[in-house]
Amino acid sequence: MTRKTDQKIIITIPTGETVEISILEVRGDNVRIGFEAPRSVFSIDRQEVADAVAQTNLEAAAGTANDAAEAGLKAMFGGNSAQTALLGNR
């Protein structure tokens with residue numbers, strides 16, 4: 001699909017709401033794009049931002065799971081020095 005400056009692409013989502021994508025400016029290899037959509041529909045991010053958020057969420061989830069497992073082991077073994085040493089003295 002090709003578009004020129006000031007032309008739009010309209011996407012209609014299943015709820016009947018629309019998302020408008022406007023070509024604002026073309027300058028060399030760069031294209032400025034504008035989006036108009038209800039905030040309740042979804043968020044719009046650049047790919048690199050979405051990837052960074054997803055990676056951060058994965059790391060946070062893994063950290064939470066590891067912390068919970070460690071707390072469970074400490075509770076199970078009473079947190080004495082021998083078992084704590086096995087858990088890395090945390």
Side-chain angles (χ1 to χ4, degrees):
M1 178 181 298
T2 59
R3 300 278 74 200
K4 295 178 183 177
T5 302
D6 296 326
Q7 291 182 329
K8 295 182 179 185
I9 298 168
I10 306 295
I11 300 171
T12 303
I13 59 173
T15 62
E17 295 175 290
T18 60
V19 176
E20 293 184 12
I21 303 169
S22 302
I23 307 305
L24 302 176
E25 178 182 20
V26 178
R27 187 182 298 170
D29 290 342
N30 295 313
V31 179
R32 288 188 57 226
I33 301 171
F35 298 91
E36 189 172 326
R39 287 199 181 272
S40 62
V41 175
F42 56 84
S43 66
I44 300 171
D45 288 315
R46 296 181 311 222
Q47 180 69 48
E48 61 273 17
V49 172
D51 290 346
V53 169
Q55 183 62 37
T56 300
N57 289 342
L58 286 173
E59 290 169 1
T64 301
N66 289 339
D67 291 346
E70 182 178 308
L73 287 172
K74 284 183 178 180
M76 187 184 314
F77 292 112
N80 73 35
S81 60
Q83 285 87 11
T84 302
L86 291 173
L87 294 173
N89 293 320
R90 293 186 182 200

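Model, not experiment: these values are computed from the prediction. Throughout, residue positions are numbered sequentially from 1 according to the sequence presented.
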message: Once salt bridge (charged side-chain N to carboxylate O under 4.0 Å, His left out) is applied, do any residues pair with Glu48, and if so which ones, sequence neighbours excluded?
response: Arg46
message: Measuring only between side-chain heavy atoms, which start at C-beta, is Ile33 closer than 4.5 Å to Ile21?
response: yes
- line: Across all chains, not counting sequence neighbours, the salt bridge (charged side-chain N to carboxylate O under 4.0 Å, His left out) partners of Arg3 are none
task: Under the side chain to side chain contact (heavy atoms under 4.5 Å, CB included) rule, collect the residues that match up with Thr2, sequence neighbours excluded.
output: none
- request: State which residues pass side chain to side chain contact (heavy atoms under 4.5 Å, CB included) with Ser22; sequence neighbours excluded, sorted by chain then number.
  value: Lys8, Leu24
- prompt: Same hydrophobic cluster for Val31 and Val49, using side-chain heavy-atom links shorter than 4.5 Å among ILVMFWY?
  reply: no
field: Pairs satisfying salt bridge (Lys or Arg N to Asp or Glu O under 4.0 Å), at least one member in residues 30-40, at least two apart
entry: Glu25-Arg32
message: According to a hydrophobic-cluster definition based on side-chain heavy atoms being under 4.5 Å apart (Ile, Leu, Val, Met, Phe, Trp, Tyr only), do Ile10 and Met1 belong together?
response: no
What side-chain donor-acceptor pairs closer than 3.5 Å can you find for residues 50-58, not counting sequence neighbours?
residue, atom, partner, partner atom, Å
Asp51, OD1, Gln47, NE2, 2.7
Asp51, OD2, Gln47, NE2, 3.3
Gln55, NE2, Glu59, OE2, 3.0
Thr56, OG1, Ala52, O, 2.9
Asn57, ND2, Val53, O, 3.4

field: Full working for side chain to side chain contact (heavy atoms under 4.5 Å, CB included) between Asp6 and Ile23
entry: CA-CA 5 Å; Asp6 296 326; Ile23 307 305; over 6 Å; no
